[in-house]
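What follows is one structure encoded as structure tokens, with my remarks underneath.
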Amino acid sequence: MEKYRVGIIGATGMVGQRFVSLLENHPWFEITVLAASGRSAGKPYREAVEGRWAFSWPVPEKAADMVVMDAADVKAVSEKCDFVFCATAMDKKATRELEESYAKAETPVVSNNSACRLLPDVPMLIPEINAGHAPIIFAQRKRLGTKHGFIAVKPNCSIQSYVPALTPLRDFGLKAVSVCTYQAISGAGKTFERWPEILDNVIPYIGGEEEKSEQEPLKIWGELSADGSAIELAKTPVISAQCLRVPVADGHMAAVSVSFERKPSMEAIFERWKNYHTLAQQLALPSAPTPFIRYMEEPDRPQTRLDRDFERGMGISVGRLREDSIFDYKFVCLSHNTLRGAAGGGVLSAELLCAQGYIQRKE
């Protein structure tokens with residue numbers, strides 16, 4: 001098949017670098033433009049990331065000699081690609097303005113950023129859970145005055161460990177969820193070399209993370225309004241979150257306690273996790289994990305270092321399901337934060353939007 005031409009905005013940051021790596025041999029997508037701030041513009045990509053390449057493997061050869069463009073030059077970047085991934089490090093106001101400028105230039109945006117996540121006409125996608133939110137794009141295009149351009153976002157990286165595990169259980173009536181996440185330093189764009197202060201340390205605060213963890217699942221579980229103009233938030237469950245930064249390179253773990261309106265048996269929960277089949281798998285999207293969720297019976301699993309790469313870092317590992325003395329049940333979940341939670345989730349969302357016809361090749 002003819003590949004889609006892809007641009008990466010914020011290509012020099014850690015998530016941008018992960019996009020570059022994931023797309024090196026992608027069967028549907030080909031990188032045709034790398035863009036970043038004016039500081040990096042005009043430099044070969046290899047030079048722009050010199051001294052801050054975050055991974056053990058070398059810069060992919062196809063990208064290494066590409067000259068980085070200025071992300072602010074929307075027209076020039078848009079002419080070179082069918083759609084863009086966006087992983088900037090700007091403030092929310094500037095990020096929203098930049099993303100909307102690309103959408104208005106008829107270049108769809110699949111964003112890793114939080115600036116547009118809670119806008120009612122922007123789909124915030126976990127393709128295995130809420131692919132049905134994509135039609136809100138029609139309402140967003142009407143607001144933006146575009147024919148092809150739109151913004152789709154992926155949710156916060158921390159919720160993608162436990163929201164997938166809770167989703168198959170929703171028809172039992174999720175009532176209350178308490179979650180504590182233990183989040184890797186790559187979620188802050190850091191490596192141990194660049195953040196030695198995190199060694200032998202835990203930081204019990206990540207700015208804005210707890211609010212995102214409590215609000216964003218309600219949008220993921222929401223429904224399209226009757227007139228198709230907005231995604232209406234789910235009214236339940238009540239979620240209480242605490243988010244800690246821990247000295248781990250990659251992988252976000254979540255300790256979850258949950259109460260139900262109708263308490264299921266443990267056997268029923270195991271059955272739901274084992275048999276959770278999704279549209280992403282049915283469409284055979286290249287980045288879709290099969291299975292999406294696995295339950296690990298060992299009492300000391302999942303472990304971050306051992307299990308974060310399950311299904312190429314796109315699968316969710318769950319373990320330690322047991323009854324709780326305050327809630328109904330508790331369990332532990334794990335996801336790879338820069339794959340499932342960031343760039344990989346963005347790539348999977350783009351695959352879904354291409355398969356459904358929302359992203360099309362430009363003439």
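One-based numbering along the sequence shown.
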Hey, quick one: are Ile126 and Leu283 part of the same hydrophobic cluster, counting side-chain heavy atoms closer than 4.5 Å, chains of contacts allowed?
no
Task: CD (Glu223) with more than 12 external heavy atoms under 6.0 Å - done: no
Check whether Tyr329 forms a cation-pi arrangement with Arg322 (NZ or CZ under 6.0 Å from the six-membered ring centre, at most 45° off the ring normal).
no
Separation between CG (Leu22) and CG (Leu348), nearest 0.5 Å, reads 11.0 Å
Within a radius of less than 6.0 Å around CD of Glu61, do more than 12 heavy atoms belonging to other residues, nucleotides or ligands occur?
-> no
ring-ring contact (aromatic ring centres under 6.0 Å, His included) evaluation trace for Trp273 with Phe292
CA-CA 9 Å; Trp273 285 338; Phe292 178 38; over 10 Å; no
**Message:** For Glu97, is there an ion pair with Lys92 - N to carboxylate O distance below 4.0 angstrom?
**Reply:** no
CG (Asn130) and CD1 (Ile231) are apart, to the nearest 0.5 Å, by 7.5 Å
Does a side-chain N-to-carboxylate-O contact under 4.0 Å join Asp307 and Arg294?
yes
* Are the side chain of Ser186 and the backbone N or O of Lys190 linked by a donor-acceptor pair below 3.5 Å? -> no
*Less than 4.0 Å between a side-chain N and a carboxylate O, is that true for Glu128 and Arg340?*
yes
Using the ring of each side chain (for Trp, its six-membered ring), is Trp57 parallel, tilted or perpendicular to Phe55, with breaks at 30° and 60°? parallel
message = Taking CZ in Arg194 as the centre, count heavy atoms belonging to other residues, nucleotides or ligands within less than 6.0 Å. Is the count above 12?
response = yes
- prompt: Any side-chain heavy atom of Leu166 within less than 4.5 Å of one from Val258?
  reply: yes
**Prompt:** Parallel, tilted or perpendicular for Phe83 and Phe29, by the 30°/60° rule?
**Reply:** perpendicular
Checklist entry - Does a salt bridge link Arg308 with Asp250, judged by any charged N lying under 4.0 Å from a carboxylate O? => result no
Please lay out, stage by stage, how Ser335 and Gln160 fare under the test side-chain hydrogen bond (donor to acceptor under 3.5 Å, both in side chains).
-> CA-CA 7 Å; Ser335 63; Gln160 298 188 61; over 6 Å; no
Check your understanding: Got Arg18 and Met14 here, is their nearest side-chain heavy-atom distance under 4.5 Å?
Key -> no
One should read off an interatomic distance between Arg117 CZ and Lys212 NZ, to the nearest 0.5 angstrom, of 5.5 Å
Check your understanding: So do the side chains of Val59 and Tyr45 get within less than 4.5 Å of each other, counting heavy atoms only?
Key -> yes
Output for pair (Ser101 OG, Leu144 CG), nearest 0.5 Å, gives 11.0 Å
Honestly curious: do Phe19 and Leu353 fall in one hydrophobic cluster under the side-chain, below-4.5 Å linking rule?
yes
Worksheet item: Do Ile8 and Tyr102 sit in the same hydrophobic cluster, where Ile, Leu, Val, Met, Phe, Trp and Tyr count as joined when their side-chain heavy atoms come under 4.5 Å apart?
Response: no
Point to revise | Charged tip of Arg361 within 45° of Tyr4 ring normal and under 6.0 Å | key: yes
Task: Asp200, CG: over 12 other non-hydrogen atoms inside 6.0 angstrom - done: no
Item to complete: Would you indicate whether Glu297, at its atom CD, is surrounded by more than 12 heavy atoms from other residues, nucleotides or ligands within a distance under 6.0 Å?
Response: no
Discussion item. In terms of relative ring orientation, are Tyr358 and Phe138 parallel, tilted or perpendicular, with 30° and 60° separating the classes?
Written reply: tilted
**Request:** Could you state whether Val318 and Leu306 fall into the same hydrophobic cluster, counting links through intermediate Ile, Leu, Val, Met, Phe, Trp or Tyr residues with side-chain heavy atoms under 4.5 angstrom apart?
**Result:** no
Discussion item. One thing to verify: whether Arg272 and Asp171 come together as a salt bridge, which I'm taking to mean a side-chain N less than 4.0 angstrom from a carboxylate O.
Written reply: yes
Q.
Could you check whether any side-chain heavy atom of Asp121 comes within less than 4.5 Å of a side-chain heavy atom of Ser229, counting everything from C-beta outward?
A. no
Return yes if some donor-acceptor pair links the side-chain N/O of Tyr295 with the main-chain N/O of Arg320 below 3.5 Å, else return no. yes
The reported gap from CD1 in Ile136 to OG in Ser225 (rounded to nearest 0.5 angstrom) is 5.5 Å
Are any non-hydrogen side-chain atoms of Ser21 and Pro60 less than 4.5 angstrom apart?
yes
### Query
Side-chain heavy atoms under 4.5 angstrom apart, residues restricted to Ile, Leu, Val, Met, Phe, Trp, Tyr: same cluster for Tyr182 and Tyr162?
no
Task: Glu216/Lys154 salt bridge by N-O under 4.0 Å criterion - done: no
| said: What I'd like to find out is whether the side chain of Pro135 reaches to under 4.5 Å of the side chain of Leu224, using heavy atoms alone. | reply: yes
Has the side chain of Asp70 got a donor or acceptor atom that lies under 3.5 Å from a matching backbone atom of Ala72?
yes
Distance col, row Met296:CE vs Leu334:CG, nearest 0.5 angstrom, shows 9.0 Å
* Ion pair check, Glu50 and Arg46, cut-off under 4.0 Å -> no
- Message: Could you tell me if Lys362 and Ser78 have a donor-acceptor pair between their side chains, going purely by distance under 3.5 Å?
- Response: no
From the list Arg245, Gln183, Gln242, side chain to side chain contact (heavy atoms under 4.5 Å, CB included) with Glu209 holds only for Gln183
Nearest heavy-atom approach of Pro302 to Val332 is CD-O, 4.3 Å
Can you confirm whether Lys43 is buried at NZ, in the sense that more than 12 heavy atoms of other residues, nucleotides or ligands lie under 6.0 Å from that atom? yes
